Amino acid sequence: MLIQWYPGHMHKAGKEIKEILPQVDVIIEILDARIPFSSQNPMLTHLRGNKPCIKVFSKSDLADPDLTQQWQHYLEQEQGVKTLALSILHPEKARQIPELCNKLMAAKAESGRLITVMIMGIPNVGKSTLINMLAGKAIAKTGDEPAITRMQQRINIGNNIVLLDTPGVLWPNVENKNSGYRLALTGAIKDTAISHDQIAFFAADYFLKHYPDALKARYSIEPLPSTDHALLNEIGRRRGCLRSGGVVELDKAAKILINELRSGLLGKFTLETPAMMEAELFELVAIREEKEAKKKARKEKWKGGQG
């Protein structure tokens, strides 16, 4: 599954970010704690360069706490990177962000000059919620649909800090198919851009392997089926997603599983680990090299035919 979803305002936002970055002191990148790798925008990572960065794990109340700690330790190995896990259940923790910004820009903070902080993140990752926490009032519009913020905003949050908000930016295509599934499952990509069946099969397979007890508890299935397809069929039967003849409507069963995962009814979960990320990146490099080799072979063949 190759996801391609790049609305015009996101292209414009990418250009604006490049233009304004020289004025930025610190970058805050918001990640979905359930998918810390897949919710990192590779374009933003490239643009950031060596600027200090605070990676904020949003929605940490929905994520597996042990894996959140693993990810924080892993990402903080990069120079200039600090991490902080936040949730709407504990908004007071957001107060640590201005302190971190002042520490990262100690010389500027001591001189009393304004520190310019840019906040970045993919759509629907919780940027506006965090801005409102930092400002102490509803400044930024929030919502469950991706792509709410469309214009750059400048917000003075006190503590000598001016915050630049940017629209949620996706990249032109998601090469790693597993990242595509994870982004879709957590709602970063609009449901109109995906197939519910595909996403639900991915979720069912992952939960069978990593969170089987959550499935047993939620759907009262014992023993669990061995395949994703069988699990969706069983969920559909138990929830009455049936056509005449007792045939399960998989699309309805898929929507039930996706919605209940997103709303936290299956408990806390994280869809990737640092070890998975490294394995998938290695696989992606091999795929790119294979594509490049095939492209080169086609060119050589075409040249030979021309001769």
Side-chain angles (χ1 to χ4, degrees), residues 1-5 32-39 58-68 87 122-126 143-147 170 173-273 276 279-280:
M1 179 187 66
L2 179 64
I3 289 182
Q4 292 180 303
W5 193 64
D32 186 322
R34 298 165 296 177
I35 51 169
F37 167 61
S38 295
S39 58
S58 70
K59 308 181 186 183
S60 62
D61 54 307
L62 301 176
D64 184 324
D66 292 336
L67 289 180
T68 296
S87 83
I122 64 171
N124 201 29
V125 79
D144 291 332
E145 277 287 297
L170 281 169
N173 60 63
V174 181
E175 289 182 282
N176 181 342
K177 65 177 182 180
N178 291 327
S179 287
Y181 289 129
R182 293 169 190 139
L183 286 162
L185 186 55
T186 52
I189 295 169
K190 284 186 177 180
D191 285 353
T192 52
I194 59 172
S195 157
H196 287 106
D197 291 4
Q198 282 184 303
I199 305 310
F201 284 136
F202 175 84
D205 180 68
Y206 188 85
F207 266 68
L208 281 169
K209 291 173 181 172
H210 300 278
Y211 297 102
D213 290 342
L215 294 171
K216 290 175 187 176
R218 181 64 190 166
Y219 300 110
S220 303
I221 302 173
E222 184 75 56
L224 285 172
S226 59
T227 68
D228 50 8
H229 195 279
L231 176 62
L232 271 189
N233 266 292
E234 189 59 32
I235 292 171
R237 271 193 290 273
R238 288 170 184 259
R239 293 297 182 86
C241 307
L242 302 172
R243 293 199 300 265
S244 58
V247 178
V248 173
E249 291 190 59
L250 280 179
D251 189 60
K252 283 188 178 180
K255 286 176 182 175
I256 287 171
L257 179 59
I258 292 168
N259 290 336
E260 294 191 353
L261 279 171
R262 286 177 180 172
S263 60
L265 291 174
L266 274 89
K268 299 180 179 185
F269 66 89
T270 299
L271 295 172
E272 56 197 12
T273 68
M276 277 183 208
E280 289 176 14

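What you are looking at is a predicted structure, and each value in this text was computed from that prediction instead of being measured.
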For Leu261 and Phe207, run side chain to side chain contact (heavy atoms under 4.5 Å, CB included): C-alpha distance rounded to whole Å, both residues' side-chain angles, the deciding distance at 0.1 Å, then the answer.
-> CA-CA 10 Å; Leu261 279 171; Phe207 266 68; 3.1 Å; yes
Leu62/Thr186 under side chain to side chain contact (heavy atoms under 4.5 Å, CB included): CA gap, chis, key distance, verdict | CA-CA 11 Å; Leu62 301 176; Thr186 52; over 6 Å; no
For Tyr181 and Ile199, run side chain to side chain contact (heavy atoms under 4.5 Å, CB included): C-alpha distance rounded to whole Å, both residues' side-chain angles, the deciding distance at 0.1 Å, then the answer.
-> CA-CA 6 Å; Tyr181 289 129; Ile199 305 310; 3.6 Å; yes
Leu257 vs Leu232, side chain to side chain contact (heavy atoms under 4.5 Å, CB included): CA-CA, chis, key distance, verdict = CA-CA 8 Å; Leu257 179 59; Leu232 271 189; 3.9 Å; yes
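Atom NZ of Lys252 and atom CZ of Arg243 lie 9.5 Å apart (nearest 0.5 Å). Annotation: the span from Ile221 atom CD1 to Ile235 atom CD1 amounts to 5.5 Å, rounded to 0.5 Å. One distance of note links CD of Glu280 with NZ of Lys177; it measures 9.5 Å at 0.5 Å rounding. Interatomic distance, Ile256 CD1 to Asp251 CG, rounded to the nearest 0.5 Å: 10.5 Å. In this structure, the separation between OG1 on Thr68 and NZ on Lys59 is 13.5 Å, given to the nearest 0.5 Å.
Of the possible polar contacts, none joining the Glu234 side chain to the Pro225 backbone as a donor-acceptor pair under 3.5 Å is found. A distance-only check finds a donor-acceptor pair linking the side chain of Ser39 to the backbone of Asp32 [under 3.5 Å]. Arg218 places no side-chain N or O within 3.5 Å of a backbone atom of Glu260 that could act as its donor or acceptor partner. Checking side-chain atoms of Ser60 against main-chain N and O of Ala33 turns up no donor-acceptor pair under 3.5 Å. Under the 3.5 Å distance criterion, the side-chain polar atoms of Asn233 are matched with a main-chain donor or acceptor of His229.
In terms of heavy atoms, Tyr211 sits closest to Leu67 at OH-CD1, 3.9 Å. Contact between Ser38 and Leu183 at its shortest, heavy atoms only, is O-CD2, 3.5 Å. Nearest approach of Glu272 to Met276, heavy atoms of both residues: CA-SD, 3.7 Å. Closest non-hydrogen pair, Thr270 versus Tyr206, comes out as O-OH, 2.9 Å. Taking both residues in full, the closest heavy atoms of Arg262 and Ala184 are given as NH2-O, 2.6 Å, listed atom of the first, atom of the second, then distance. When all heavy atoms of Ala253 and Cys241 are compared, the pair lying nearest together is N-SG, 3.9 Å.
In this structure the side chain of Val248 reaches within 4.5 angstrom of the side chain of Leu242, judged on heavy atoms. Using a 4.5 Å cut-off on side-chain heavy atoms (C-beta onward), Leu224 and Leu208 make contact. Residues Phe202 and Asn178 meet the side-chain proximity criterion, which asks for heavy atoms closer than 4.5 Å.
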